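These numbers were taken from a predicted model, which means no experiment stands behind them. All heavy atoms count here, side chains included; hydrogens, waters and symmetry mates do not. Every number for a ligand or one of its atoms is a count from 1 in the order of the listing.
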Amino acid sequence: MKPVRCFWKRNAILVCCLIISIWFIYNKSNRSSVRNEFHSGLSNPGDIRYLINNKHVCHDYRSVFCIILVSSDITHFNRRVELRSTWLKSNNYRPKNVQVVYLTGSIDDKNVQNKLMLESQTYSDIIQGDFIDSYQNSTYKGVLGFKWVSEHCRNANIVIKTHDNVVINLFLFFEKFAMHMNDRELLGKYIRSNEIVRVKGSQYYVPTRYLKGMIYYPLPYLSGLAVILPGKLIPLYFNASITSEYFPIEDFFLFGILTAKINHDFSDTSKLKYRDLTKFITSDERYWKHCYLSLKGNCNLLIVYQELHRLDTESVWNVIIKNRIQSASGHFDME
Ligand SMILES: *[C@@H]1O[C@H](CO)[C@@H](O)[C@H](O)[C@H]1NC(C)=O
Ligand SMILES: *[C@@H]1O[C@H](CO)[C@@H](O)[C@H](O)[C@H]1NC(C)=O
């Protein structure tokens with residue numbers, strides 16, 4: 001009996017060692033294969049066709065100070081009406097040339113498609129891509145926007161990429177932020193390393209085949225709710241997207257993967273950088289009301305958003321306008 005027991009003992013130790021080393025190698029290769037993971041298989045995000053294209057939005061001008069790309073669900077007709085009459089009305093910002101386009105996907109519903117075509121004829125501000133309009137496809141929407149700017153709006157100084165449940169205080173942006181932008185810098189809500197959501201049904205769900213075995217996003221990025229960047233960088237981003245593996249979370253794809261890819265080719269001094277706007281952003285209604293109505297000229301709130309529900313754009317816009325009137329009138333209280 002003795003030699004047999006000894007044999008099993010020795011082999012058990014060997015098997016243990018083997019399992020431990022395999023585990024180590026697996027983990028290590030997972031960490032170092034971040035780059036490779038993005039290059040294998042699947043469809044090409046840069047290869048998107050237009051179903052509706054309004055080519056003249058920027059071509060009509062010699063230069064555009066700011067183009068705003070608004071990702072919008074195809075069925076959000078009312079939201080777009082509200083946006084066009086509030087913070088996304090170009091006339092608000094004259095003499096600055098501010099232009100706006102809405103990015104949508106497609107839907108298998110003739111009525112909705114006809115309504116969108118009518119909307120496009122009326123406002124000439126719809127860009128529709130040939131992909132199913134769904135939250136999981138928002139990466140395509142972002143790439144569509146970058147493709148469109150690369151092809152039809154190269155004369156834009158500043159590009160703002162945002163969503164239809166966000167309000168940006170552009171008055172404040174033009175007065176206090178725009179002149180300090182440099183051409184290697186992206187402004188937005190900085191995210192160092194969020195946990196990857198693996199729960200099916202979540203808006204941020206990432207199937208296990210992406211970033212396999214990882215718990216946290218391996219690269220920092222900017223939240224997609226609003227990113228402000230120099231127009232000159234857009235062709236770089238679009239070009240980088242052509243050769244990148246699709247990733248289902250838009251902001252990580254656009255501002256994590258693509259930024260890393262672009263920076264890979266740059267020397268340390270010319271690498272792109274993020275400027276964190278977190279302290280100028282809120283989704284808290286009590287806070288934005290207090291800031292705009294009570295702090296007057298001291299309110300530096302740049303971005304208000306809602307993550308899950310529809311943002312009451314009109315209310316936010318009204319307090320921004322009040323804030324401007326009050327700030328302009330110095331210490332006199334208009335109310
Ligand atoms: C995303 O769009 C592609 C192209 O239209 C489509 O095949 C796919 O089903 C869409 N995915 C989702 C989750 O809607
Ligand atoms: C476009 O991307 C390719 C591959 O990533 C790169 O080799 C090339 O230099 C890029 N071109 C421009 C104009 O950025």
Side-chain angles (χ1 to χ4, degrees), residues 37-55 69-80 101-120 125-152 161-166 194-212 214 217 221 223-225 227 234 237-258 261 306-310:
E37 175 114 19
F38 303 138
H39 295 283
S40 54
L42 284 189
S43 61
N44 184 347
D47 201 20
I48 301 169
R49 281 192 320 124
Y50 300 105
L51 293 178
I52 296 177
N53 189 357
N54 282 286
K55 298 179 182 175
L69 311 172
V70 186
S71 287
S72 183
D73 189 303
I74 186 170
T75 60
H76 287 177
F77 295 100
N78 294 336
R79 278 196 208 193
R80 291 191 289 273
V101 292
Y102 297 87
L103 309 169
T104 79
S106 71
I107 195 172
D108 190 16
D109 181 330
K110 276 219 168 78
N111 287 331
V112 173
Q113 183 61 23
N114 287 341
K115 206 171 161 189
L116 187 78
M117 278 153 66
L118 198 66
E119 184 183 356
S120 171
D125 60 5
I126 302 291
I127 308 297
Q128 185 186 30
D130 187 12
F131 53 84
I132 307 266
D133 194 306
S134 67
Y135 196 86
Q136 295 85 342
N137 268 346
S138 57
T139 298
Y140 287 122
K141 231 174 248 186
V143 174
L144 173 71
F146 284 4
K147 176 185 166 96
W148 183 82
V149 172
S150 298
E151 293 172 357
H152 302 294
K161 168 75 187 64
T162 186
H163 287 259
D164 63 7
N165 59 347
V166 175
N194 258 0
E195 200 165 323
I196 303 170
V197 177
R198 302 290 190 186
V199 184
K200 270 184 196 154
S202 161
Q203 199 174 340
Y204 304 108
Y205 169 63
V206 178
T208 48
R209 68 174 182 279
Y210 297 104
L211 302 177
K212 214 171 269 172
M214 292 187 193
Y217 280 98
Y221 60 102
S223 160
L225 71 96
V227 175
I234 297 290
Y237 275 86
F238 177 57
N239 183 46
S241 77
I242 291 171
T243 49
S244 292
E245 169 56 42
Y246 179 77
F247 187 82
I249 304 295
E250 177 194 18
D251 41 16
F252 181 70
F253 178 80
L254 294 181
F255 304 109
I257 296 172
L258 299 187
K261 191 168 188 173
Q306 264 290 354
E307 195 142 7
L308 299 173
H309 309 290
R310 175 175 176 165

Gln136 neighbourhood, listing ligand 1 atoms whose heavy-atom distance to it stays under 4.0 Å: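 Under 4.0 Å from Gln136, ligand 1 has these atoms: 13 (C).
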Is Ile132 in polar range of ligand 1, meaning some N or O pair under 3.5 Å apart?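 Between Ile132 and ligand 1, an N or O pair is found under 3.5 Å apart.
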Do any nitrogen or oxygen atoms of Ser134 come within less than 3.5 Å of a nitrogen or oxygen of ligand 1?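 Yes - when backbone and side-chain N and O of Ser134 are compared with those of ligand 1, one distance drops under 3.5 Å.
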Which heavy atom of Ser72 sits nearest a heavy atom of Arg80, and at what distance?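 In terms of heavy atoms, the two residues are closest at OG-NH1, 2.9 Å.
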If you look at every heavy atom in Val112 and Thr75, which pair is closest and at what distance?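 Smallest heavy-atom distance, with atoms named: CG1-CG2, 4.4 Å.
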Can you confirm if the NZ or CZ of Lys161 lies within 45° of the ring axis of Phe146 and under 6.0 Å from the centre of its six-membered ring?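 The answer is no; the distance or angle limit is not met.
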Could you check whether atom 5 (O) of ligand 1 has a protein contact, counting only heavy atoms that fall below 4.0 angstrom?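 At least one protein heavy atom is under 4.0 Å away.
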Could you tell me if the side chain of Tyr205 sits less than 4.5 Å from the side chain of Gln136, heavy atoms only?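 Not touching, per the 4.5 Å side-chain cut-off.
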Side-chain touch Phe247/Val206, heavy atoms, less than 4.5 angstrom: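 Phe247 reaches Val206 side chain to side chain.
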For ligand 1, is any non-hydrogen atom under 4.0 Å from Asn137's backbone (N, CA, C, O), its side chain (CB onward), both, or neither?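 The answer is the side chain of Asn137.
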